[in-house]
Amino acid sequence: MLTGASSFGPHGSGAHWDPPYPAHSSLFGSEVRDPVISYVGLQSRSESDLWDALPCVRLFLEAASGPDFEEYSGYRDARDFTNEVFACYWLDRARHDAWLRSSGFVEWLEHPDRLGGKVGIWQETIHVSLDRMETIAGQPDYGIARAALNKGDTTRAHAYFGSMRHRIGAASRDGLESSLATFPLEAARLTCGLLVRVLPPANMAVIRSGQDWGAVQDDELRTYLGEVHPKLVQGMEFLRDYPADAGCYSCRFMMEQGPDRKPTKRSSGFAMFLSLRHLEKWSRSHPTHLAIFESFWAMVRKYENARNLRLWHEVIVVGDENPEFIYVNCHDRTGLLRWSF
Ligand code: HEM
């Protein structure tokens, strides 16, 4: 069955748009009404201190009412800190709130002892409104799409620029423009040794775009690792290093890893943009995403349906009542800490 908006396709194609490859866009059942995605991160330049802190966070996540599922990644940031990130998914906000109340995580996070050591901790929690989000994937088994009701379905609202907006319900009634008139100035504040709360500006657009080459082999693997992956790294470094140019507050290129911290063959780019419009502009017109996009299309033409590379993304437009993001003992280039809102 095909799902998605009734009117879609690149400008001028009307009802005739026939995407060149299949993709899934998630719809959810009544058990997924008000999900929460919380990114819990640890950062340090000291490997041994990171190793010591990790089991503690894992224990909190395993407590009663913990996440329905989580995906664990790591990356080295521009300040050369190692960051370990748990992307935690609760399908129901009441369960998430129960976890916050009962797990002891909040008390641990806010305890003065967290301010003194060599490890920074951050928690970026997003209250997701299903009307203000979308997913697209070759296979729906990544991120929140794992909980989709319509897993066998494909959509025609994809494979053209503008389709992301077509897949977001609220975008048909509202431009979802940023609450900020201009890109913010740098905050230039002390953050290490402190707990800092930052309210994400309304309509900030958050994307996690994933790549899975676990099933890719031989010529396709050489093409992916030799042609596509390096362009992806360049794109992620551009967003990380020139944030104001693209209206991107923060970008992390993360490698998914096993519990032993060994990298898997999955990566994801996580980025927070001023608005959906800024994210669209980068993806449809910036040379870095166009280079990624073109190299992928070359793979589609070469391997057609024999292609084993799996791509997915989820996009959320943050509302005006989202909780504050919390940064404890983090360096000043972490997430939203950098900006003066
Ligand atoms: C190997 C990595 C990537 C490849 C091959 C790739 C390729 C593509 C392709 C083929 C599409 C069209 C998808 C569809 O609708 O069927 C797309 C859309 C998009 N990509 Fe990427 N991409 C990659 C990584 C990223 C990353 C890391 C980001 C942002 C952090 C990103 C942002 C977007 C956005 C926002 C769209 C939707 C544009 C719209 O519909 O207006 N992509 N990309």
Side-chain angles (χ1 to χ4, degrees), residues 3-5 8-11 13 17-26 73 75 133-140 142-143 145 154-168 171 176 204-213 216 220-221 223-240 243 246-255 265-303 307-317:
T3 61
F8 44 74
H11 184 66
S13 65
W17 176 240
D18 190 15
Y21 52 89
H24 164 94
S25 180
S26 298
S73 304
Y75 68 98
M133 70 155 295
E134 62 91 12
T135 73
I136 192 77
Q139 298 235 346
Y142 306 94
T154 55
T155 177
R156 284 197 295 217
H158 84 102
Y160 60 93
F161 288 126
S163 62
M164 167 174 65
R165 193 174 280 271
H166 286 168
R167 294 188 298 266
I168 297 178
L176 300 175
M204 177 175 88
V206 178
I207 182 167
R208 188 151 78 98
S209 159
Q211 305 79 37
D212 179 350
W213 62 99
V216 180
E220 188 189 355
L221 184 62
T223 307
Y224 178 68
L225 293 179
E227 304 290 328
V228 185
H229 186 83
K231 295 184 174 71
L232 173 61
V233 172
Q234 280 168 16
M236 298 295 89
E237 287 180 353
F238 168 78
L239 289 177
R240 185 192 68 191
C248 177
Y249 297 129
S250 178
C251 181
R252 307 167 176 146
F253 183 54
M254 311 190 287
M255 286 300 301
K265 292 177 179 173
R266 293 181 181 193
S267 59
S268 66
F270 172 86
M272 300 188 265
F273 282 75
L274 203 71
S275 72
L276 202 60
R277 184 165 56 81
H278 292 81
L279 173 56
E280 280 172 321
K281 187 173 175 205
W282 176 75
S283 65
R284 76 173 60 174
S285 63
H286 196 270
T288 52
H289 188 261
L290 292 180
I292 303 168
F293 188 86
E294 290 304 332
S295 60
F296 171 73
W297 271 88
M299 287 184 75
V300 173
R301 286 191 292 268
K302 191 168 175 188
Y303 305 110
R307 197 168 34 86
N308 287 307
L309 175 66
R310 292 179 182 174
L311 301 174
W312 65 277
H313 81 209
E314 62 193 16
V315 171
I316 297 128
V317 180

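Numbering of ligands and ligand atoms starts at 1, following listing order. Just so you know, these numbers use all the heavy atoms, side chains as well, and skip hydrogens, waters and symmetry mates. We number each residue from 1, following the sequence as shown.
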| remark: ligand 1 atoms nearer than 4.0 angstrom to some heavy atom of L311 are 5 (C)

| So W282 and F273, would you call those rings parallel, tilted or perpendicular, with 30° and 60° as cut-offs? | tilted

| request: To the nearest 0.5 Å, tell me how far N308 CG sits from R310 CZ. | output: 7.5 Å

| query | Which of the atoms of ligand 1 are close to S283, meaning less than 4.0 Å from one of its heavy atoms? | reply | 33 (C), 34 (C), 35 (C), 38 (C)

| message | Check for me whether W282 has a heavy atom closer than 4.0 Å to any atom of ligand 1. | response | yes

| request: Quick one: closest heavy-atom pair of S267 and Q211, and the distance? | output: OG-OE1, 2.6 Å

| request: Run down the list H289, R208, K281, R284 and name the one with the heavy atom closest to atom 17 (C) of ligand 1. | output: H289

| message | At less than 4.0 angstrom from any non-hydrogen atom of F293, what atoms of ligand 1 do you find? | response | 8 (C), 9 (C), 10 (C), 11 (C), 12 (C)

| remark: heavy-atom search around atom 36 (C) of ligand 1 in the protein gives H313 CE1, 3.9 Å

| I207, any N or O under 3.5 Å of ligand 1 N or O | no

| What's the spacing between H313 NE2 and M164 CE if we round to 0.5 Å? | 6.5 Å

| Numbering the atoms of ligand 1 from 1, which are under 4.0 Å from a heavy atom of V228? | 1 (C)

| query | Which of the listed options, G269, S209, A246, holds the heavy atom that is closest to atom 25 (C) of ligand 1? | reply | S209

| Which ligand 1 atoms does Y160 reach within 4.0 Å, using its non-hydrogen atoms? | 40 (O)

| message | Heavy-atom contact check, 4.0 Å cutoff: does R167 meet ligand 1? | response | yes

| said: What protein heavy atom lies closest to atom 2 (C) of ligand 1? Include the residue and the distance to one decimal. | reply: I292 CG2, 3.5 Å

| query | Are Y21 and ligand 1 in contact, using a heavy-atom cut-off of under 4.0 Å? | reply | yes

| request: Name the option, out of G162, S268, A291, G210, that contains the heavy atom nearest to atom 39 (C) of ligand 1. | output: G162

| message | Can you confirm whether V216 sits close enough to L225 that some side-chain heavy atom of one is under 4.5 Å from a side-chain heavy atom of the other? | response | no

| message | Which label fits Y160 and H166: parallel for a plane angle under 30°, tilted from 30 to 60°, or perpendicular past 60°? | response | tilted

| query | Which bit of L239 is near ligand 1, meaning a heavy atom under 4.0 Å away: side chain, backbone, both or neither? | reply | neither

| said: Before you tell me yes or no, could you show the steps for S26 and T135 under side chain to side chain donor-acceptor pair (under 3.5 Å), namely the whole-Å CA-CA distance, both residues' side-chain angles and the distance that decides it to 0.1 Å? | reply: CA-CA 6 Å; S26 298; T135 73; 2.9 Å; yes

| message | Taking distance alone, with N or O pairs closer than 3.5 Å, would you say H158 contacts ligand 1? | response | yes

| said: Nearest non-hydrogen contact with atom 1 (C) of ligand 1 belongs to which option: R165, Q211, R252? | reply: Q211

| Numbered atoms and elements of ligand 1 in range of M236, under 4.0 angstrom, heavy atoms | 27 (C), 30 (C)

| query | Is the gap between the ring centers of Y224 and Y303 under 6.0 Å? | reply | no

| request: Could you tell me which non-hydrogen atom of F238 sits nearest to which non-hydrogen atom of A246, and how far apart they are? | output: CE2-CB, 4.1 Å

| remark: Out of A159, A157, P10, the nearest non-hydrogen contact to atom 15 (O) of ligand 1 is supplied by A159

| task | Starting from atom 40 (O) of ligand 1, locate the nearest protein heavy atom and write down its residue, its atom name and how far away it is, to 0.1 Å. | result | M164 N, 2.8 Å

| task | Could you tell me whether ligand 1 has any atom less than 4.0 Å away from a heavy atom of H166? | result | no

| field | Close aromatic pair by centroid cut-off 6.0 Å: F293 and F161 | value | yes

| field | Distance filter under 4.0 Å to F296 heavy atoms, resulting ligand 1 atoms | value | 5 (C), 10 (C)

| said: Just so I know, are the side chains of H158 and Y21 near enough to count as touching, which here means a heavy-atom distance under 4.5 Å? | reply: yes

| Is there a side-chain contact between W297 and P20 (heavy atoms, below 4.5 Å)? | yes

| Value rounded to 0.5 Å, distance of CD1 in I316 from CG in L276 | 11.5 Å

